[in-house]
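What's counted below: heavy atoms across the whole structure, side chains too, no hydrogens, waters or symmetry copies. Throughout, numbering of the chain's residues begins at 1 and tracks the sequence.
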Amino acid sequence: MSRPRPWVIVPGIWNSDAEHWQSVWQRERGDDAVRIAPASWGEPDPGDWRDAISRAVASCAEPPVLVAHSLGVLAVADWLVAAAADAADAAAVAGAAGPTAAGAFLVAPPDPAAPGFPAAASGFPAPRPIPAGTAAARVPTRLVVSDDDPYCTADRALAFAETMGAAVLRVGPLGHVNVASGVGAWPAGRELLGAFERTL
């Protein structure tokens, strides 16, 4: 049996606690999962989080799947756009390709324009289009959308998916898909991720 594809865990603001499904999945995955380590968990800085994602991806033996939740979704979307721009800047330099991802599994994006969006994270934009023809644009992406997420309407999340070129996985009324939503270890989500990984 082949070794599992590595994961990069990208939590939301303040990190994910031990009971969050991201933390449960990371423990179960063991050494094949790495969590980003930004310096600005509580006062998130987009550049710091981009760099943290790049470091985590570069630490993997092969291109990983990014497993993001909440603000982590916006961070991954920002990272993909920045990666495309960096690749364009380095196009004339032989061997200058940066870290790459095999896929992105993005859960419960928050809406930066919504009233409940944390002021501390105001530097994070809504997802932007990834330039066509770049390696970042070819990263297969799934956006998991809850029908009653208090931080983002389903319509707004669907618009984010269209902007990013992501396929949508609707999971019904699961709130923000976190501990407060009562999803626990979220085994149904793990099945969704497994099915996605089998397509990569």
Task: Minimum heavy-atom distance Ile13-Gly42, with the two atoms named - done: CD1-O, 4.0 Å

Open item on the list: Is it the case that the side chain of Ser146 and the backbone of Gly175 share a donor-acceptor pair, with hydrogens and angles ignored and the cut-off at 3.5 Å?
Closed with: yes

Open item on the list: Nearest 0.5 Å, please: how far is CD1 in Ile9 from CH2 in Trp25?
Closed with: 8.0 Å

Open item on the list: Does any part of the side chain of Cys60, heavy atoms only, come nearer than 4.5 Å to the side chain of Val34, both counted from C-beta?
Closed with: yes

Open item on the list: Testing the basics here: between Pro64 and Thr100, what is the closest heavy-atom pair and its distance to 0.1 Å?
Closed with: CD-O, 3.5 Å

TODO: State, to 0.1 Å, how close Val67 and Trp21 come at their nearest heavy-atom pair, and which atoms those are.
DONE: CG1-CZ3, 3.9 Å

Task: Distance-minimising heavy-atom pair for Trp49 and Gly12 - done: CH2-O, 3.6 Å

Task: Arg27 side chain vs Ala18 backbone, donor-acceptor pair below 3.5 Å - done: yes

Open item on the list: Hydrophobic clusters here meaning ILVMFWY residues chained together by side-chain heavy-atom distances under 4.5 Å, can you tell me if Val177 and Leu74 are in one?
Closed with: no

Task: Phe160, CZ atom: more than 12 neighbouring heavy atoms under 6.0 Å - done: yes

Task: Reported CG-to-CD distance for the pair Asn178 and Gln22, which is rounded to 0.5 angstrom - done: 10.5 Å

Task: Minimum side-chain heavy-atom gap Arg55-Ile36 below 4.5 Å - done: no

Task: More than 12 heavy atoms from other groups under 6.0 Å of CD on Glu28 - done: yes

Task: Ring-ring centroid check Trp7 Phe105, cutoff 6.0 Å - done: no

Open item on the list: Taking the side chain as everything from C-beta on, heavy atoms only, tell me whether Pro109 gets closer than 4.5 Å to Asp111.
Closed with: no

Task: Which atom of Pro63 lies closest to which atom of Ala102, heavy atoms considered - done: O-CB, 3.5 Å

Open item on the list: According to a hydrophobic-cluster definition based on side-chain heavy atoms being under 4.5 Å apart (Ile, Leu, Val, Met, Phe, Trp, Tyr only), do Val8 and Val139 belong together?
Closed with: yes

Open item on the list: Any heavy-atom pair between the side chains of Phe117 and Leu71 that's under 4.5 Å?
Closed with: yes

Open item on the list: Does any part of the side chain of Leu192, heavy atoms only, come nearer than 4.5 Å to the side chain of Phe196, both counted from C-beta?
Closed with: no

Task: Heavy-atom side-chain contact between Val76 and Met164 under 4.5 Å - done: no

Open item on the list: Which label fits His69 and His176: parallel for a plane angle under 30°, tilted from 30 to 60°, or perpendicular past 60°?
Closed with: tilted

Open item on the list: Could you measure the distance from the CH2 atom of Trp41 to the OG atom of Ser16? Nearest 0.5 Å is fine.
Closed with: 7.0 Å

- [ ] Before accepting this row, confirm whether a basic side-chain N of the pair Asp78/Arg128 lies closer than 4.0 Å to the acidic partner's carboxylate O.
- [x] yes

- [ ] State the CZ-CD1 distance between Arg138 and Ile130, to the nearest 0.5 angstrom.
- [x] 11.5 Å

- [ ] Could you tell me the separation between the CG atom of Asp32 and the CD atom of Gln26, rounded to the nearest 0.5 Å?
- [x] 11.0 Å

Open item on the list: Taking the basic N atoms (NZ, or NE/NH1/NH2) and the acidic carboxylate oxygens, is any pair closer than 4.0 Å for Glu197 and Arg29?
Closed with: yes

Open item on the list: Hydrophobic clusters here meaning ILVMFWY residues chained together by side-chain heavy-atom distances under 4.5 Å, can you tell me if Leu143 and Tyr151 are in one?
Closed with: no

Open item on the list: Contact between Trp186 and Val144 at the side-chain level, heavy atoms closer than 4.5 Å - yes or no?
Closed with: yes

Task: Smallest separation among heavy atoms of Leu174 and Ser181, with atom names - done: O-OG, 3.0 Å

- [ ] Please determine, by modelled atom types, if Arg35 and Ser23 share a side-chain donor-acceptor pair under 3.5 angstrom.
- [x] yes

Task: Cluster link Val183 to Val179, ILVMFWY, side chain under 4.5 Å - done: no

- [ ] Please step through side-chain contact (heavy atoms from CB on, under 4.5 Å) for the pair Val171 and Val145, ending with a clear verdict.
- [x] CA-CA 6 Å; Val171 292; Val145 176; over 6 Å; no

Open item on the list: If we count only N and O atoms by modelled type, under 3.5 Å, do the side chains of Asp51 and Ser54 hold a donor and an acceptor together?
Closed with: no

- [ ] Taking the side chain as every heavy atom from C-beta outward, state whether Pro110 and Ser70 have any pair of such atoms under 4.5 Å apart.
- [x] yes

Open item on the list: For residues Ile53 and Leu193: do they belong to one hydrophobic cluster (side chain heavy atoms under 4.5 Å, members Ile, Leu, Val, Met, Phe, Trp, Tyr)?
Closed with: no

TODO: Measure from the side-chain N and O atoms of Asp48 to the backbone N and O of Ser40, and report whether any donor-acceptor pair falls under 3.5 Å.
DONE: yes

Task: Nearest-0.5 Å distance, OG1 of residue Thr141 to CG of residue Leu80 - done: 6.0 Å

